[in-house]
Peer 1: 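My questions will all concern the structure given below.
The chain is numbered in sequence order, starting from 1.
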Amino acid sequence: IYILKLSSCILSIYQSLLLQKRTKETMAHFEGRKKEVIAIIGGGISGLLACKYCISKGFDPIVFELESSIGGVWTKTIGSCKLQTPKPVFQFSDFPWPDSVTQVFPDQQMVLEYIESYARHFDLFTHIHFNSKVLSLNFEDGGSGDGEWNLWSGKGKWNVTVQDTRTISPQIQIYQVDFVVVCVGRFSQVPNMPEFPQNKGPEAFEGEVIHSMDYSKMDSSTATNFAKGKQVAVVGFQKSGMDIAMECSTVNGVERPCTVLIRTPHWNLPDYFPWGLNLGYLFLNRFSELMVHKPGEGFLLSLLATILSPLRWAFSKYIESYIKHKHQLAKHGMVPEHSFLNELSSCSVSLVPEGFYERVEEGSIKLIKKAESFGFSKEGIVLEGYATEPIKSDLVILATGFNGLDNLKHIFQSKKYQEFIAGSDDSAAVPLYRECIHPRIPQLAIIGFSESVSNLHTSEIRCRWLGELLDGKFMLPSIKVMEKDIAEWDKYKKRYSYRKYYRRSCIGALHIWYNDQLCKDMGWNPKRKKCLWAEWFEPYGPMDYIG
C-alpha cells in the first residue's frame, strides 16, 4: 500500500512538472507570435474594435480603410438618419457616451463624433492607412496542404494587395501578413440592384434612377435641391427607404407626393415601449430566449421551448397589436404576413421616422403595396401583373439594400475561397463558426457581417473573443466540430427567420445564448448580472460585459 501511494505521489509530481513545462512552452510560443503581422480591412466600427483588442494583446495591427476617414456606414448616410437602437444598447463597454449627448437616439453626426472620440482615446489612428483600397486577398499555405485551420502554422501567409487611391496614378503595394480580419460590413460599396423585365430597365425611363447609396453620399442641402420640385418614387420600405421618403415629402409636400413601392410590409416599431412596457423585457432577456429552440440545446431546453411556445406567440401578438394600433396598418393595407418574432429573428426591424404615417394621412407620402416585380416605361414605373397606369416619376430612388455577400466574396482571389464564403443553397449566407471564422479558410476572421439587435455590442464581444483566440487563451475545435456547430445555427435561422430574409445571418432573438458561447470559450462567467431576478428577466446590454 505504501509503495502504491508513493508511486502515485511521484506520478502526480511528474505530471505537474510536465504540465508546467508545456505551459511555459505554450506561453513562449504565443509571446513569440506577438511579432506576427495582422491586417484589418475596414475602418468602420468592427475594424476599430478589432484594432483596439489586437493592440490590447500586444499586437501591432495595420488597418486598411478605403475612405479618408473612419466610421464606415456612418460617414455617408442620409442626413436625417438616427440610431435604430437606444443609446445605452449602442455603446462601447469601456467608453460610454458623453453626458453632453442627451438624446436617446443620437443623429448621424453625434454617432460619428462618438466613434471618432473612441478611436482618439485608444490611439487607433496611428494604425490606420487611409485611402487604401484592398484589391484582393491571396493565401500561400507554404505547402502544408493539411486542410486544417491553424492560427500560426509557421508556413501560411496572406498576400494583401492594396491600392493607394490618393495619387493620380494609383500605386499598388502587396503586404504579406500572418492573419487577416475582414471588416467590410454588409451595408456598403455594392448596391443590390433589382432584376428588371426585358427592355423595361432604367434605360427605358426618361427620368433619373439612382440607388440610395448615391443619395446618402449627398450632404443635406445637395439632397434637398436634388429632390426639390420632382415627382419622386422610392422603391423599398426599410430604414433608408422611409428616411428618404420623409426627406422628399418635406421638400415637396402634398403638391408632389413621394410614392413608396413596397414588396414586403414590415413590423416597423414606432418606439421601444409597446403599450408602455420596455421591449427588452419581452425579447431581450434570458427568459425570452427560453421560449426559442436554440442551436445545440439539450432535451430539457428543447422541451421547455416547446412548452413555452404559446407564451412566445402571445408576446409576439402583444407587440403586433401595438404596432397595428399605433400605425393603423389595417387601414393602409400594411399588415405583414409574418410574425414580429420572424422580423426580430431576421434583423429586419426598423424604427419608423417620427411623423411618417402622419405624412401618409396628409397625402405627402403614398404607399403602394404591389411591388413584387416592376419595370420602367418612358413615363415612370410599371408594376408587373397589374393593369394600371405607370407611376409617373421624374426621379426613382432604389432603396433596395446592398449586396454585401458579393463584396465579401470577391475580395478573395481564390475561387475555392469564394465558393466557401458563398456557401451552398441550403446553408447560411456565410457559414461562420461563432459568426467569425470559416472553418476552411485559415488564419482569417470575418467580423461585422452577421447581424444582431445591436451590431456595435455584438462586434465588440466578437473582437474580444478574437483577441483571446489570437493570444492563445483557447484553441478552436476541429473543422468537423465547427461545421457541425454552423449547421445547428443554420437550422435555427431557417426555423425562425422570415423566409425572404433568412440569408441575412442574424442572431437577433438569441444574442444572449450566442454571447454565452463566446464567454465560455474565453473562460468567462456567462452569467453577468448581480442577482437571480436580474439575470433572468432584465435586458442584457454592453455594460453587462465590462471587465
Peer 1: When you check the side-chain N and O atoms of Tyr215 and Glu247, is any donor under 3.5 Å from an acceptor?
Peer 2: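 Short answer, yes.
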
Peer 1: Could you check if a side-chain atom of Ser132 sits within less than 4.5 angstrom of a side-chain atom of Arg166, using non-hydrogen atoms only?
Peer 2: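 Not in contact.
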
Peer 1: Check Glu354 with Lys326, please: is the shortest side-chain N to carboxylate O separation under 4.0 Å?
Peer 2: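 Not counted as a salt bridge, because no side-chain N and carboxylate O are separated by less than 4.0 Å.
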
Peer 1: Step through it carefully: locate the ring centre of Phe95, locate the ring centre of His121, and say whether they are under 6.0 Å apart.
Peer 2: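 So the answer is yes for these two rings.
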
Peer 1: Assess whether side-chain contact (heavy atoms from CB on, under 4.5 Å) is satisfied between Val162 and Ile172, documenting all intermediate values.
Peer 2: CA-CA 6 Å; Val162 181; Ile172 293 176; over 6 Å; no

Peer 1: Please check if the distance between the ring centroids of Tyr417 and His438 is under 6.0 Å.
Peer 2: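 No - the distance between ring centres of Tyr417 and His438 does not fall below the 6.0 Å cut-off.
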
Peer 1: To the closest 0.5 Å, what do you measure between CG (Leu341) and CD (Glu320)?
Peer 2: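 One gets 9.0 Å once the value is rounded to the nearest 0.5 Å.
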
Peer 1: Can you tell me if Glu379 and Ser377 form a side-chain donor-acceptor pair at under 3.5 Å?
Peer 2: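 The criterion, which ignores hydrogens and geometry beyond distance, is satisfied for Ser377 and Glu379.
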
Peer 1: Using the side-chain contact (heavy atoms from CB on, under 4.5 Å) rule, pick out the option among Val232, Val260, Ile78 that qualifies with Ile244.
Peer 2: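 Exactly one pass, corresponding to Ile78.
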
Peer 1: Testing the 3.5 Å rule here: is there a donor-acceptor pair between the side chains of His511 and Asn515?
Peer 2: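 No.
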
Peer 1: Let me see the working for His332 and Tyr357 under ring-ring contact (aromatic ring centres under 6.0 Å, His included), right down to the final yes or no.
Peer 2: CA-CA 9 Å; His332 301 298; Tyr357 279 96; 5.6 Å; yes

Peer 1: Any chance the rings of His327 and Phe356 have centres within less than 6.0 Å?
Peer 2: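 Not under 6.0 Å, so no.
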
Peer 1: Determine whether a donor-acceptor pair (N or O, by modelled atom type, separation under 3.5 Å) exists between the side chain of Thr75 and the backbone of Val73.
Peer 2: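 No; judged by distance alone, with no hydrogens or angles, the pair does not exist.
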
Peer 1: Working to the nearest 0.5 angstrom, can you tell me the gap between Glu208 CD and Ile210 CD1?
Peer 2: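 Here the interatomic distance stands at 6.5 Å.
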
Peer 1: Ser240 and Asp243: side-chain donor and acceptor closer than 3.5 Å?
Peer 2: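 Judged by distance alone, the side chains do not pair up.
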
Peer 1: Can you tell if the side chain of Ile381 reaches within under 4.5 Å of the side chain of Leu261, non-hydrogen atoms only?
Peer 2: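 Yes; the side chains approach each other to less than 4.5 Å.
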
Peer 1: Can you give me the closest heavy-atom contact between Gly71 and Leu112, atom names plus distance?
Peer 2: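 In terms of heavy atoms, the two residues are closest at CA-CD1, 4.1 Å.
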
Peer 1: Got a sec, which residues hit side chain to side chain donor-acceptor pair (under 3.5 Å) with Asn407, two or more places apart in sequence or on another chain?
Peer 2: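 Partners of Asn407 by the side chain to side chain donor-acceptor pair (under 3.5 Å) criterion come out as none, since no residue qualifies.
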
Peer 1: For Arg462 and Tyr53, which I'm curious about, is there any donor-acceptor pair between the side chains at under 3.5 Å?
Peer 2: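 Side-chain D/A pair, Arg462 to Tyr53: absent.
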
Peer 1: Holding to ring pair (Phe, Tyr, Trp, His ring centres under 6.0 Å), I want the full list of residues that pass it with His211, two or more places apart in sequence or in another chain.
Peer 2: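 Result, ring pair (Phe, Tyr, Trp, His ring centres under 6.0 Å) vs His211: Phe402.
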
Peer 1: Kindly say whether Gly43 contributes a backbone atom to a donor-acceptor pair with the side chain of Glu65 at under 3.5 angstrom?
Peer 2: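 Answer holds: yes.
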
Peer 1: Could you report the tightest heavy-atom contact between Thr85 and Tyr272, atom names first, then the distance?
Peer 2: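 So the two residues come closest at CA-OH, 3.7 Å.
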
Peer 1: Report the C-alpha separation of Trp97 and Lys87 in whole Å, then their side-chain angles, then the decisive distance to 0.1 Å, and conclude whether the side-chain contact (heavy atoms from CB on, under 4.5 Å) test is met.
Peer 2: CA-CA 8 Å; Trp97 284 87; Lys87 180 179 63 177; 3.2 Å; yes

Peer 1: Within the 4.5 Å heavy-atom criterion, are Val63 and His129 side-chain neighbours or not?
Peer 2: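 No, their side chains stay 4.5 Å or more apart.
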
Peer 1: Regarding Ser414 and Gln418, is there a side-chain donor-to-acceptor distance under 3.5 Å anywhere?
Peer 2: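 Note: Ser414 and Gln418 side chains miss the donor-acceptor criterion.
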
Peer 1: Taking the ring centre of each residue, are Phe340 and Phe315 less than 6.0 Å apart?
Peer 2: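 Between Phe340 and Phe315, the centre distance exceeds or equals 6.0 Å.
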
Peer 1: Between Arg256 and Asp394, is there a salt bridge with N-O shorter than 4.0 Å?
Peer 2: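 Result for this pair is no, no salt bridge flagged.
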
Peer 1: Are Phe179 and Trp158, when compared by the centres of their aromatic rings, separated by less than 6.0 Å?
Peer 2: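 When the ring centroids of Phe179 and Trp158 are compared, they turn out to be at least 6.0 Å apart.
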
Peer 1: Taking NE2 in His325 as the centre, count heavy atoms belonging to other residues, nucleotides or ligands within less than 6.0 Å. Is the count above 12?
Peer 2: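 Not more than 12 within 6.0 Å, no.
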
Peer 1: Does the cation-pi check pass for Lys82 over Phe105, that is, NZ or CZ under 6.0 Å from the six-membered ring centre and within 45° of its axis?
Peer 2: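 The answer is no, since Lys82 fails at least one limit relative to Phe105.
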
Peer 1: Using the ring centroid of each side chain, check whether Phe374 and Phe196 are separated by less than 6.0 Å.
Peer 2: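 Phe374 vs Phe196: aromatic centres under 6.0 Å.
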
Peer 1: Indicate the atoms forming the closest heavy-atom contact of Tyr545 with Gly541, along with that distance.
Peer 2: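 What the structure gives for the nearest pair is CD1-O, 3.5 Å.
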
Peer 1: Distance-only, no hydrogens or angles: does the Asn285 side chain make a donor-acceptor pair with backbone N or O of Tyr281 under 3.5 Å?
Peer 2: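 Present.
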
Peer 1: How far does CG of Leu135 sit from CD of Gln413, to the nearest 0.5 angstrom?
Peer 2: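 So the gap between those two atoms works out to 10.5 Å.
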
Peer 1: So which atom in Ile70 and which in Ile115 form the shortest heavy-atom distance, rounded to 0.1 Å?
Peer 2: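 Smallest interatomic distance, heavy atoms only, reads CD1-O, 4.1 Å.
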
Peer 1: With no hydrogens and no angle check, do the side chains of Asn455 and Thr458 hold a donor and an acceptor under 3.5 Å apart?
Peer 2: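 No, no side-chain donor-acceptor pair sits under 3.5 Å.
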
Peer 1: Hey, mind stepping through Gln328 and Met334 against side-chain contact (heavy atoms from CB on, under 4.5 Å) and telling me if it holds?
Peer 2: CA-CA 8 Å; Gln328 300 183 49; Met334 293 295 295; over 6 Å; no

Peer 1: Rounded at 0.5 Å granularity, tell me how far CD1 in Ile368 sits from NZ in Lys366.
Peer 2: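 One gets 7.5 Å once the value is rounded to the nearest 0.5 Å.
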
Peer 1: Evaluate salt bridge (charged side-chain N to carboxylate O under 4.0 Å, His left out) for Lys378 paired with Glu203, printing each intermediate quantity in order.
Peer 2: CA-CA 9 Å; Lys378 186 177 179 180; Glu203 69 279 355; over 6 Å; no

Peer 1: Can you see whether Arg359 engages Thr250 through a side-chain donor-acceptor pair at a distance of less than 3.5 angstrom?
Peer 2: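 Indeed, the side chains of Arg359 and Thr250 share at least one donor-acceptor pair under 3.5 Å.
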
Peer 1: Any side-chain heavy atom of Lys324 within less than 4.5 Å of one from Val335?
Peer 2: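 Yes, their side chains come closer than 4.5 Å.
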
Peer 1: First locate atom CD1 of Ile446, then atom CD1 of Ile441, and finally report the distance between them rounded to the nearest 0.5 Å.
Peer 2: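 Those atoms lie 6.0 Å apart.
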
Peer 1: Roughly how far apart are Leu510 CG and Leu344 CG, rounded to 0.5 Å?
Peer 2: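 Reported value, rounded in 0.5 Å steps: 9.5 Å.
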
Peer 1: Is it true that Asp219 and Ser221 share a donor-acceptor pair across their side chains at a distance under 3.5 Å?
Peer 2: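 Asp219 and Ser221 do have a side-chain donor-acceptor pair below 3.5 Å.
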
Peer 1: Can a donor-acceptor pair be found, under 3.5 Å and without considering hydrogens, that links the side chain of Asn342 to the backbone of Ser339?
Peer 2: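 Yes, the answer is positive, given that a donor and an acceptor are paired below the 3.5 Å cut-off.
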
Peer 1: Assess whether atom NZ of Lys133 is packed by more than 12 heavy atoms of other residues, nucleotides or ligands within 6.0 Å.
Peer 2: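 Not more than 12 within 6.0 Å, no.
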
Peer 1: Inspect cysteines Cys248 and Cys258 and report if their side-chain SG atoms are under 2.5 angstrom from one another.
Peer 2: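 In this structure, Cys248 and Cys258 share no disulfide.
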
Peer 1: If you look at every heavy atom in Gly363 and Val254, which pair is closest and at what distance?
Peer 2: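 Looking at all heavy atoms of both residues, the closest pair is C-CG1, 3.9 Å.
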
Peer 1: Please check if any side-chain donor atom of Tyr322 sits under 3.5 Å from a side-chain acceptor atom of Asp271, or the reverse.
Peer 2: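 Indeed, the side chains of Tyr322 and Asp271 share at least one donor-acceptor pair under 3.5 Å.
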
Peer 1: Start with the C-alpha gap between Asp94 and Phe122, add the side-chain angles, then the distance that decides, and say whether side-chain contact (heavy atoms from CB on, under 4.5 Å) holds.
Peer 2: CA-CA 10 Å; Asp94 54 359; Phe122 291 105; 3.5 Å; yes

Peer 1: Salt bridge check, Glu460 against Lys52: does any charged N sit closer than 4.0 Å to a carboxylate O?
Peer 2: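 No salt bridge links Lys52 with Glu460.
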
Peer 1: Looking at every non-hydrogen atom in both residues, tell me the closest pair between Ile365 and Ser249 and how far apart they are.
Peer 2: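 Looks like CG1-CB, 3.7 Å.
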
Peer 1: Are a donor atom and an acceptor atom from the side chains of Glu343 and Ser348 found within less than 3.5 Å of each other?
Peer 2: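 Glu343 vs Ser348: donor-acceptor pair found between side chains.
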
Peer 1: Given the rule in the ring-ring contact (aromatic ring centres under 6.0 Å, His included) test, do Phe92 and Tyr114 qualify, once you have shown the distances and angles that lead to the verdict?
Peer 2: CA-CA 10 Å; Phe92 303 101; Tyr114 175 57; 5.3 Å; yes

Peer 1: Compute both the distance and the angle, then confirm whether Lys230 meets the cation-pi test with Phe226: under 6.0 Å from the six-membered ring centre, within 45 degrees of the axis.
Peer 2: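 Geometry flag: set, cation within 6.0 Å and 45°.
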
